[in-house]
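This report concerns only the one structure given below.
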Number of protein chains: 2
Amino acid sequence: MNHSSKDIDHSLDPTVNDFMPGISVDNVIFGFHDQQLKVLLLECADQEHWMLPGGYIIKTESVNDAAKKVLTARTGLSEVYLQQFGVFGGLERSTPEVVNDFLKAMKVDAEKFSWHLERFITIGFFALVEFQKVNPKPDAMSLSCQWFDFHNLPKMIFDHSDLVDEALKTMRVQLRHQPIGYNLLPEEFTLKDLRTIYETILDRKIDRANFNRKMLSLGILHKKEKLFTGGAHKAPYLYSFDKSAYFAMLKEGFGLGF
Amino acid sequence: MNHSSKDIDHSLDPTVNDFMPGISVDNVIFGFHDQQLKVLLLECADQEHWMLPGGYIIKTESVNDAAKKVLTARTGLSEVYLQQFGVFGGLERSTPEVVNDFLKAMKVDAEKFSWHLERFITIGFFALVEFQKVNPKPDAMSLSCQWFDFHNLPKMIFDHSDLVDEALKTMRVQLRHQPIGYNLLPEEFTLKDLRTIYETILDRKIDRANFNRKMLSLGILHKKEKLFTGGAHKAPYLYSFDKSAYFAMLKEGFGLGF
DNA sequence: TTATAATGAGTCATTTTGACACAATAATAA
DNA sequence: TTATTATTGTGTCAAAATGACTCATTATAA
C-alpha cells in the first residue's frame, strides 16, 4: 500500500519550535476483524520496522487533543474511545544504540532529527475503533499504514512493543469492571464476536454458555434477528448494544467473575 | 512547623537547564493514621494554599526516578509503593489567571519563574507510605510539610486537588483486584485498620463480618497476639501480612465482591 | 462490680460461578 | 434429497461467594 506524494498527510507537521520539546504521544489503535484483535501500525522507511501512530504536542493544544489528532489523522475517525494508559520515560529508550536503530529504520539524517534524539518521553494512549470504518492513512514519514493481528506483530522501533503490551494489560484490568466492545464492534454482532474479544484480551478460553449468560444478564444487549451468513452450523442471533445502558455501566462499573 | 534556612532541602535544585522543559511530576502521598487516610502536602508562601510534593525531571534521569526522588526528599523514605496514575496536560492548567494565582501563592516574581509559566504538563504519581516512618520535610519553596486528613484537604494550587481525586479513583479500581494495606499499615495492625482503609477509599461502610471473612480467606494475613490498647471494648487480634502471599496476589490479582 | 462498646464467630437465604449436557439448526457433503 | 457436522440456544446442578444478620465474649471505663 504505497502512496504518491499527493496522498501524504502533512496535517501533523507544524514547525519544530511549536512543539513541547522532549514529549510525544503514541497511540495503540485496536480494531476487531475476522475474529481477531488487530493493531494499526505504520511502516518505517527501511521496510523492516513498524511503529505506532504518534506525534508531538503543539504548545497550544492539550495532551489529549494531540493524541486525538493523531488518531483522526491515521484513521479518518473522530469521536472514538481513546484513553491514556501510561507514561514511558525511561532513559533506556534513547540510548545511542536505540537512536541509531531509529535513524536507520526511518532513513533520516541525525542532523535533521537532532531535536528528537536527545531524550524523549512518550505518553501512551490506546484507542478502540470499528475496524470497517477505518481508512488507514500513512503519515509523511511512513511507507504504509496497516492492520496487524495482535498475536503476530512485526518488529517495532523504540519500545513500541512495550507500549502495546501495557495497553493490553490496562484493558485486561478494565475488562473486569467495565463493559467493552461498543467501540470495537459494528452495530450488529454475535455473542461469539464479543466473546472472542474477551478471550483475546484475557488470553484464555471462556466457557461459551457461562459467558453468554453473564453478558445477557448485564442488560446492555438487545437481541435482533438471525444471522444468515457463516459456516456449516446453526445461525446465531445478532445483538446490538443498548447505548444508554452501556455508557451507564461504563461509568458505574460492575463485577465480573471470570 | 517552620524551618530555619539550615533545614532547607536543596537536593532537588539543579540548574533549570538540566530539566526536561515543560514537564513535572507530582506525588500524591497517602498515609494512614488515627483511622484516617492522610495526604502529605506542602505549604505555599502565602500561608493559604498548599501543594503536592512535586519536582522536575532531570534530563539524565527517568520519569519514575524523578518521582521517587521527590518522594524520598519529602518523606525520608525509599523503597515505597509508587505508581503513575495519569498525565495532566490540559491547557486550562496554565492560563494567565492560574499562573497569576500561582505566583501570588508562591510569592515569587514572574521573571524568575518564567520557565515554569509557559505551559506545563505534569505526570501524577501516588505513593502509599507507612505514616509513622515518615519524616516530613518541606522543600526550599515551602513553609512546611504536613499531613492532612483526606476528607478535609486545604485549598490547593493549580489542579492539584484534581490529581488527588484521580489518584483516589485509581486506587478505588485497583482495590477490586489487588490487595492494599501493606504499604500503608505498620507491621502489626487490626482488621479494623484494614477495613477503614477500604471504607475510606471506597467511601462507604462495609459489613464488618463479611469483610473479615473475605480478607482472611485471601490467605495473605497472619494472626498474631491480642491487642491491649484501645477503647472500652474487647481487644481485637493483631495481624501482619504474609509478605510473599501478598506480593504474589499483587501480581496475580483476584476478584473482590464488594 | 457493672455497663459499654466493639470483637470473633457463626447462621442462612440468595446469588453467582463453573462445568457440563442436550436438543435444534444452517450449511455442506454424500 | 438426506445425512453429517459444527455451532448455537438453553438448561441443569453442585459448589462457592455474597449480603444481612445473630450472639456470646471481653477489655476498659464508669
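Sequence lines set the chain letters: A, B, ... in the order given, protein chains first and strands last, and positions in each chain run from 1.
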Q: Starting from P on D/dT7, measure out to NE2 on A/His233 and report it in whole angstrom.
A: 6 Å
Q) Are more than 12 heavy atoms from other residues, nucleotides or ligands located less than 6.0 Å from atom CD of A/Gln132? A) yes
Q) Measuring from B/Leu202:CG to B/Arg195:CZ, what's the distance to the nearest 0.5 Å? A) 12.5 Å
**Q.** CZ-CG distance between B/Phe85 and B/Asn27, expressed to the nearest 0.5 angstrom
**A.** 8.5 Å
**Q.** Secondary-structure stems for DNA chain C, with pairs counted as Watson-Crick or G-U when both distances are under 3.5 Å and runs at least 3 long
**A.** C:1-30 with D:1-30
Q) Between D/dT8 atom C1' and A/Leu194 atom CG, what is the distance in whole Å? A) 16 Å
Q. Any side-chain N or O of A/Lys214 under 4.0 Å from OP1/OP2 of C/dT16?
A. no
Q: Starting at CG of B/Leu41, measure out to CG of B/Leu52 and round the result to the nearest 0.5 Å.
A: 6.0 Å
Q: Send over the distance from B/Glu199 CD to C/dA6 P, rounded to a whole Å.
A: 13 Å
What does the list of N/O pairs under 3.5 Å between the protein and nucleotides 10-15 of chain D look like, with a distance for each?
none

Q: Please report, rounded to the nearest Å, how far the C1' atom of C/dT7 is from the CG atom of B/Leu238.
A: 13 Å
Q. Taking all atoms of both residues into account, what is the closest heavy-atom pair of A/Trp147 and A/Ile29, and its distance?
A. CZ3-O, 3.6 Å
Q. Atom NZ of B/Lys192 and atom P of D/dT26: how far apart are they, to the nearest Å?
A. 20 Å
**Q.** For atom NZ of A/Lys234 and atom C1' of C/dT25, their distance in whole Å
**A.** 6 Å
Q: Can you measure from NZ (A/Lys169) to CZ (A/Phe126) and round to the nearest 0.5 angstrom?
A: 14.0 Å
Q: Calculate, to the nearest 0.5 Å, the distance between atoms CG and OG1 belonging to B/Leu185 and B/Thr196 respectively.
A: 9.5 Å
Q: Could you tell me whether the side chains of B/Gln35 and B/Asp193 share a donor-acceptor contact shorter than 3.5 Å?
A: yes
Q. OH of B/Tyr246 to OH of B/Tyr182: how many Å apart, nearest 0.5 Å?
A. 8.5 Å
(Q) Tell me the interatomic distance from A/Lys205, atom NZ, to C/dC20, atom C1', rounded to whole angstroms. (A) 17 Å
Q: Grab the CZ-P distance between B/Phe211 and C/dA9 for me, whole Å please.
A: 16 Å
